[in-house]
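Right, one structure below, let's go through it.
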Amino acid sequence: MSNESLANLLKEERRFAPPADLAAQANVTAQAYEQASADRLGFWAAQARRLSWGKEPTETLDWSDPPFAKWFKDGKLNVAYNCVDRHVEAGNGDRVALHFEGEPGDTRTITYAELQREVSQAANALTELGVQAGDRVAVYLPMIPETVVAMLACARIGAPHSVVFGGFSADALATRIEDADARVVITADGGYRKGGASALKPAVDEALTRPGTEKVRNVLVVRRTGQDDIAWTEGRDVWWHDVVGRQSDQHTPQDFDAEHPLFILYTSGTTGKPKGILHTTGGYLTQVAWTHHAVFDLKPEKDVYWCTADVGWVTGHSYIVYGPLANGATEVLYEGTPDTPHKGRWWEIVQKYKVSLLYTAPTAIRACMKWGDDIPAKFDLSSLRILGSVGEPINPEAWIWYRHHIGGDRTPIVDTWWQTETGGVMVSPLPGVTETKPGSAQQALPGISATVVDDEANEVPDGGGGYMVLTEPWPSMLRTIWGDDQRFLDTYWSRFEDKYFAGDGAKKDDDGDIWLLGRVDDVMLVSGHNISTTEVESSLVSHPKVAEAAVVGATDPQTTQAICAFVILRGSAAEDEGLVEELRAHVAKQLGPIAKPKKILPVAELPKTRSGKIMRRLLRDVAENRALGDVSTLTDSSVMDLIQEKLPSAA
Ligand code: 6R9
């Protein structure tokens, strides 16, 4: 960004009050903001008591060596005990923990009592394989119950896991195994995606031929797809059903220090090697449990919760595994893609399990907008009571679509801003409290200090734009980048003194509510104005013919950068002659002539990461006629070929 603050172009006037009945029974009321602002540490100390501690902490935060935080440091607890055993001991062993739905339609129902037995067996198996507290375990699995069991088993014995997306290549897996120095890899023969079996084990075999992975002693393989041509390295590879299956289903959990490492999760960023974000035990579990309780208003005995994220994304860690299970939730776990075998698959699942709380990403919502309103209309979605969004700014029009077509105009939408690094939700409406605004994450949660600052680190006034920062430590904050404290300091703590730099652009509206405006790296500089990609994209998506848009700034001799837009049209919209002009005029009218895109290219797909984020840097490469940069974290690299094929027509 240049020195000028971020322009504030989009005005959104729609408002939605929380439903009265929800507000009357909400888990968290407006009082929580008052309590937390009067005594922030006292507030978190109280939330820590939601957990069962082997030894209760007496100190809440040690911030004597900032930014290396220690939360609840003299406390001891076991994460798996908190997520599983204590619910069984409380008499809820028969409650369903997981409703698993495989892509081919196979299902499994797993109660808390069953989960306890499976996690115990898996913990015993890892111990038999020589895994000790502190050893790292790589997890490279599809979305199946064993993935949850494997993560909890690692947590139970104090072995930090490093989950790698099942869609990542052998190279990406090898880099992560090497960086974390993992000793065991847990994988499967394969999983089901897009209507077929997709192999995983070959990528592990290939990764383990790379230098730096020699210390991996065992590969523990779940049989999911049953392909019989699977390669096997005797002595190294063992079947899950053999080794886990023969163990005792009794296992006594041991308590670990609150600051014992729980997991490493790699984020790719745009440059350099992936960063191993380190999370620890007590503070992390406190914040994910409390935020899940507060933001989703979970009533564990009644609700059915479903987070559609992949477990290889932080959203899966915090809001499929640790938060919901710590709260004793009943949840859906779905293996496959939303359009297999038909584009109504998700809504069929909501209807089947009577899902009441749904957490998904804007990318999925926009895909559904593209597929057409008639698809969700075929299903009974009346069980839904709260809808969540995470991963990117949600365009106001996608928000409205989500509320109307999925939420039947009843459900509050919680737009949750957070990061792998923050561990848990930081900025979000509270469903029983906040009057929501489409497209805004609104307020820092109770106990969280977030704001927007300018280049000189001054808080911007209401109506101003700048950088998203966090001004006080929070329980689930990253503790460091694995093996690289200096990079931790440089990346997050050096841009502004004493503040955590999130790398996102943001603005405050006239009420002081926060609007996220995309990654700072993506902000465009057009004739001396900093313009956010998010606002131009949201304007395009508000046109009835557009389902999704990605905007980039391409070098331009006249204006420094020129706005280039890639758009996906809604199902019924045709790519006729006047379309591009119509869209340019629409943006100019809504946001002003400065934001009018120079070029607009209708495309069939956009390049995305596995967590659904648009990879704008690849589109910038296209717009500037350069060779494409690193595509290894792209879900589907053929998307770029399709876009490039269309290029001549854009010139
Ligand atoms: C949880 C997660 C973090 C980045 C973050 C921001 C974007 C996530 C958002 C959002 C606007 C939201 N982001 N949620 N932007 N509104 N509700 O996504 O973690 O994969 O590490 O990504 O995602 O840019 O900085 P992660």
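In listed order, ligands and their atoms are each counted from 1. These figures come from a predicted structure and were not determined experimentally.
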**Message:** So is A441 touching ligand 1 or not, going by heavy atoms under 4.0 Å?
**Reply:**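 No, A441 has no heavy atoms under 4.0 Å from ligand 1.
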
**Request:** Measure the distances from the heavy atoms of K613 to every atom of ligand 1 and state whether one is below 4.0 angstrom.
**Result:**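 Yes; K613 lies near enough to ligand 1 that a heavy-atom distance drops under 4.0 Å.
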
**Message:** Is the ring pair F263/H161 parallel, tilted or perpendicular, if the boundaries are 30 and 60 degrees?
**Reply:** parallel

Considering only the protein, which heavy-atom contact is closest to [atom], and what is its distance?
{"atom": "atom 3 (C) of ligand 1", "value": "W418 O, 3.6 Å"}
{"atom": "atom 20 (O) of ligand 1", "value": "W313 NE1, 2.8 Å"}
{"atom": "atom 26 (P) of ligand 1", "value": "T420 OG1, 3.6 Å"}
{"atom": "atom 11 (C) of ligand 1", "value": "P393 N, 3.1 Å"}
{"atom": "atom 14 (N) of ligand 1", "value": "G391 N, 3.0 Å"}
{"atom": "atom 6 (C) of ligand 1", "value": "D504 OD2, 2.9 Å"}
{"atom": "atom 12 (C) of ligand 1", "value": "E392 O, 3.4 Å"}

In plain terms, say whether [X] and [Y] are close enough for a salt bridge, that is, a side-chain N and a carboxylate O under 4.0 Å apart.
{"X": "E624", "Y": "R617", "value": "no"}
{"X": "R385", "Y": "D297", "value": "yes"}
{"X": "D455", "Y": "R495", "value": "yes"}

Using a strict cut-off of 4.0 Å, indicate which atoms of ligand 1 neighbour a heavy atom of [X].
{"X": "T416", "result": "9 (C), 12 (C), 14 (N), 17 (N)"}
{"X": "T315", "result": "1 (C)"}
{"X": "R519", "result": "24 (O), 25 (O)"}
{"X": "V314", "result": "1 (C), 19 (O)"}

Is it the case that the side chains of [Y] and [X] hold a donor-acceptor pair, with the cut-off being a distance below 3.5 Å and no angle test?
{"X": "D303", "Y": "S356", "answer": "yes"}
{"X": "S611", "Y": "T609", "answer": "yes"}
{"X": "H279", "Y": "R479", "answer": "no"}

**Request:** Taking the side chain as every heavy atom from C-beta outward, state whether V469 and T451 have any atom pair closer than 4.5 Å.
**Result:** yes

**Message:** Does any part of the side chain of D511, heavy atoms only, come nearer than 4.5 Å to the side chain of D462, both counted from C-beta?
**Reply:** no

**Message:** Side chain or backbone, does T267 bring an N or O within less than 3.5 Å of an N or O on ligand 1?
**Reply:** no

